[in-house]
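Structure record follows, encoded as structure tokens.
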Amino acid sequence: MNTLASTLAYTPFIDALSIHEQWYLLIVPMVLFVAIGYKAVRVSDMGGYWKNVFVFVVQVLGVMAVLAVGFTIVVTVLVPMLAPMPG
Amino acid sequence: MEAQTRGVLLWGELGGELLDQVCYGLHFLVFSGASLLLNRVGTRSFVATVCAWAGVSMGEGEEFLRFCSHLGGGRFQVDRMGAMNTGSDRHDGGVNAVAGICAVLIPGLGHMVSGRMHRGVLAMVGVFGLFGLGLFVGGIDAVDSKSGSDRFWFIGQAMVGPIAFGVDYVHQNHYKAFDMNTGVNRTGNPGEARVNNGSRWVWDALPAERVAAGDLGDANVPGLGRLNEIAMLSCTLAGMLNLIIFLDALLPTGYGGRKEEVSPVVLGAGEGAIHAVAEVVAEGVSS
């Protein structure tokens, strides 16, 4: 891919990464950091903090996965059945 | 003259009532909104509080208020002004202004200065992690207060605090330059050099010697497509997370407000009436 990212030298935090094919993986660190910050001010007992963080991350990623499967079914199965394209 | 006086009095009375209602409404919205934002109030308590506030505004009696207390499970307090208390120790802690100011300066610092070091460090990791992830993925282009629709994202990003403004300053002043052809301050393209023409930094063609040396120019690589969106979203999430952390530092709690013991509901039209009504409603809660 002949983009700016591949032609210019990369400087961390200044230049953008070139991971256009793996963009969806970025949800994992994003959810993890949200969970770390949110649960820090939310849990009543810090003893169960990391368990809460883990549950939060699993819940969000799980729901995202279910939504992805659901929308895939809608787009690839239901819509072609309801409105078949000619040819 | 008398009619005029009566008219003024009537208008004054109506105007005063209207003003009262507006004040009650604003007061209620601020308190209930903040409580909901902090997720300290369940939907049930929120609905009950809305009913109670509306009832007080319309002059409903104690029976209605007792009904509201049952509706909310007795988990809230509401005074005539609509201020709501969920029964947690949120309000017992009062306002910690020093922690609030520190939280504005650096994410998590508010918790640290108020003795909650562990929570502060983790909050800081969360906010800086999100903000750093955004910069790492989208480059410094992810924080831009002056470019197209990016400036709307910056409203959320600004809630990270001075650090977001610092990054934006560096972006605007060290990685952008003026385009003499279009008249806008922009990110550079490959083959352009950032040069000072005496009055400002402008984009100019890369000198031949630098091209010959294999130099590609002074432009940074901007984020494109989905990656740019994810990067800006990550930085904005950091700001929104920091808003929650700031409020928690400003209004310290014992955490887990919903698990606190049930407090008697207080609804009244004045200080003297509060105790009487509190007894009535507390009786309703216990029955």
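Atoms considered below: every heavy atom in the structure, side chains included; atoms not considered: hydrogens, waters and symmetry mates. All chains are named by letter (A, B, ...) in the order of the sequence lines, taking the proteins before the strands, and each is independently numbered beginning at 1.
- Contact between Ile14(A) and Asn220(B) at its shortest, heavy atoms only, is O-ND2, 3.6 Å.
- Panel note: side chain Arg226(B), backbone Tyr24(A); no donor-acceptor pair is recorded below 3.5 Å.
- For chain B, the nearby part of Tyr49(A) is the side chain; its heavy atoms alone come within less than 4.5 Å.
- Nearest approach of Leu122(B) to Trp50(A), heavy atoms of both residues: CD2-CZ2, 3.9 Å.
- For the pair Tyr10(A)/Val221(B), no side-chain contact is recorded, criterion being any heavy-atom separation below 4.5 Å from C-beta on.
- The heavy-atom pair separating Leu237(B) from Val34(A) by the smallest distance is CD1-CG2, 4.3 Å.
- Scanning all heavy atoms of the two residues, the minimum distance from Leu227(B) to Trp23(A) falls at CD2-CB, 4.1 Å.
- Contact of the Leu224(B) side chain with the His20(A) side chain is registered, since non-hydrogen atoms from C-beta on lie closer than 4.5 Å.
- Val43(A) has its side chain within reach of Arg119(B): a pair of non-hydrogen atoms, C-beta onward, lies under 4.5 Å apart.
- Between Tyr38(A) and Leu241(B) the shortest heavy-atom distance is N-CD1, 3.6 Å.
- Among residues 124-133 of chain B, the residues having any heavy atom closer than 4.5 Å to a heavy atom of chain A are, in sequence order, Val125(B), Gly126(B), Gly129(B), Leu130(B), Gly132(B), Leu133(B).
- Heavy-atom contacts from other residues, nucleotides or ligands closer than 6.0 Å to CZ of Phe54(A) number 12 or fewer.
- Open room surrounds CE on Met240(B); 12 or fewer heavy atoms of other groups in view lie less than 6.0 Å from it.
- Interface residue Ile19(A): backbone and side-chain heavy atoms are both found under 4.5 Å from chain B.
- The parts of Ile230(B) that come within reach of chain A are both its backbone and its side chain, each placing non-hydrogen atoms under 4.5 angstrom from that chain.
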